[in-house]
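The next block holds one structure in the form of structure tokens; read it before the comments.
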Amino acid sequence: MVETKIIDGKQIAKEFRENLAKKVQKLGSTPKLAVLVVGEHPASQIYVQNKKKAAVSVGIDVDIYQMAVSETQESILKLIGELNEAKDVDGILIQLPLPEHLDAQILIGAIAPQKDVDGLHPHNVGNMVCGLPAMISCTPLACLYLLKHVLPDMTGMNALVIGRSALVGKPLGQLLLQENCTVVQAHSKTKNLADLARQADIIVCAVGKPGLVNGNMIKDGAIVIDVGINRMDDGRIVGDVLFLEAMQKASYITPVPGGVGPMTIAMLLWNVVKAAEGRFSDCKELVLKK
């Protein structure tokens, strides 16, 4: 049995925000984030308030545009156009999920790429795949940062990414390729998931299925990043990985909650600050000086 160390995303994010606050002080102007919220989805309201609190803590202004659930796509597109032109707005974020009558892809595509702090605009996604400077999606960037915190050089590592969403799985696979990992992308149709997992030096699970990865699937000494957030019937929040079982095998593991989540918000703030500096965020600037 290996000695497992917990990757404390909450503490790492706190230190990251403290350093970012110093960066903001040197800007000479206050960065501003515009957040568009449609409807009163309870979880979205909590997420938005958490983002605002974190942003204010580093010196970023936040304007929240709360809209009715019946808001039309045309009116939201008009607002996005106005925010694109606003010189004092550095970043624009559309809180997901949206009501069913709205097309998230069209709305995200309307955001100016340099203000797309969620890193979901096709321009930014394309640049990221090509290895060019881009706004990078916050959760994959958070995963990469936490990995680099414990493993600065991932060259030659076998990485298994479980999940292929456009928000996490696909971009993270590309980022790990750029770190010279050998990447396997697994998904719901993968037949030999357990066998693939046992060969992996790095496992990232981003599916939203509690208990998907158990201890028998983890190689001794592997690093496990759990992106899943699942609310159980008894109110507990758990990840996609059976944490206690994984603790018997992994060298490092992120907890849920308190792992990837806090770091994701920190990466959003990073993107806002980079946008305020007038250039795209480059994940290579995140390499830690150990």
Side-chain angles (χ1 to χ4, degrees), residues 1-9 12-13 16 119 128-132 134 136-187 190-207 212-228 239-243 245-256 259-261 263-264 266-267 281-290:
M1 185 176 71
V2 299
E3 180 184 355
T4 304
K5 297 180 181 178
I6 294 176
I7 305 175
D8 188 346
I12 296 169
F16 185 92
M128 183 272 296
V129 171
C130 293
L132 299 173
I136 298 173
S137 187
C138 303
T139 301
L141 199 54
C143 293
L144 180 65
Y145 190 85
L146 294 176
L147 279 168
K148 281 186 168 293
H149 194 81
V150 299
L151 187 64
D153 185 2
M154 289 178 268
T155 299
M157 296 287 109
N158 292 323
L160 174 66
V161 179
I162 308 174
R164 55 178 172 179
S165 71
L167 192 63
V168 183
K170 287 179 180 177
L172 181 56
Q174 292 294 323
L175 292 177
L176 291 174
L177 281 173
Q178 292 171 23
E179 294 297 325
N180 299 314
C181 291
T182 300
V183 180
V184 174
Q185 195 102 37
H187 46 78
T190 300
K191 295 181 179 179
N192 57 336
L193 181 61
D195 292 335
L196 292 172
R198 293 186 191 103
Q199 300 173 43
D201 304 302
I202 298 168
I203 298 175
V204 183
C205 196
V207 175
L212 179 62
V213 175
N214 60 50
N216 291 329
M217 297 168 64
I218 300 171
K219 181 172 75 171
D220 285 344
I223 300 172
V224 178
I225 305 294
D226 191 351
V227 187
D240 291 348
V241 179
L242 292 177
F243 185 77
E245 290 188 13
M247 284 276 289
Q248 307 301 311
K249 305 289 284 295
S251 59
Y252 291 93
I253 186 171
T254 57
V256 178
V260 175
M263 204 68 231
T264 294
M267 291 298 105
S281 172
D282 186 343
C283 68
K284 292 181 174 60
E285 295 183 28
L286 289 172
V287 177
L288 291 179
K289 306 300 181 184
K290 301 297 280 186

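Start at 1 with the first residue, then count along the sequence.
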State, yes or no, whether a side-chain contact exists between [X] and [Y] at a heavy-atom distance under 4.5 Å.
| X | Y | value |
| --- | --- | --- |
| L144 | M154 | yes |
| I7 | I225 | yes |
| T4 | F243 | no |
| V150 | K5 | no |
| L151 | Y252 | no |
| E245 | N216 | no |
| L167 | S137 | yes |
| V241 | I203 | no |

Let me see the working for M263 and V260 under side-chain contact (heavy atoms from CB on, under 4.5 Å), right down to the final yes or no.
CA-CA 5 Å; M263 204 68 231; V260 175; 5.6 Å; no
Enter the distance from [X]:[atom1] to [Y]:[atom2] here, rounded to the nearest 0.5 Å.
| X | Y | atom1 | atom2 | answer |
| --- | --- | --- | --- | --- |
| I218 | I253 | CD1 | CD1 | 6.0 Å |
| Y145 | L141 | OH | CG | 10.0 Å |
| H187 | S165 | NE2 | OG | 13.0 Å |
| I162 | L172 | CD1 | CG | 11.5 Å |
| Q199 | T182 | CD | OG1 | 11.5 Å |

Please check if the side chain of [X] supplies one atom and the backbone of [Y] the other of a donor-acceptor pair under 3.5 Å.
| X | Y | value |
| --- | --- | --- |
| Q185 | G163 | yes |
| D226 | D240 | yes |
| Q178 | M128 | yes |
| N158 | D201 | no |

Looking only at non-hydrogen atoms, find the nearest pair between [X] and [Y] and report the distance.
| X | Y | value |
| --- | --- | --- |
| V256 | G228 | CG1-O, 3.4 Å |
| P255 | I6 | CD-CG2, 3.7 Å |
| V161 | G169 | CG1-O, 3.8 Å |
| G173 | V183 | O-CG2, 3.8 Å |
| A266 | A13 | CB-CB, 4.3 Å |
| G259 | L146 | O-CD1, 3.9 Å |

Taking salt bridge (charged side-chain N to carboxylate O under 4.0 Å, His left out) as the definition, give me every residue that meets it alongside R198, ordered by chain and number, with sequence neighbours left out.
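Per chain and number, R198 pairs via salt bridge (charged side-chain N to carboxylate O under 4.0 Å, His left out) with D195.
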side-chain contact (heavy atoms from CB on, under 4.5 Å) partners of L196, counting only residues at least two apart:
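L196: side-chain contact (heavy atoms from CB on, under 4.5 Å) contacts with L160, V184, T190, N192.
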Intermediate values then yes/no, side-chain contact (heavy atoms from CB on, under 4.5 Å), L147 and I202:
CA-CA 9 Å; L147 279 168; I202 298 168; 3.9 Å; yes
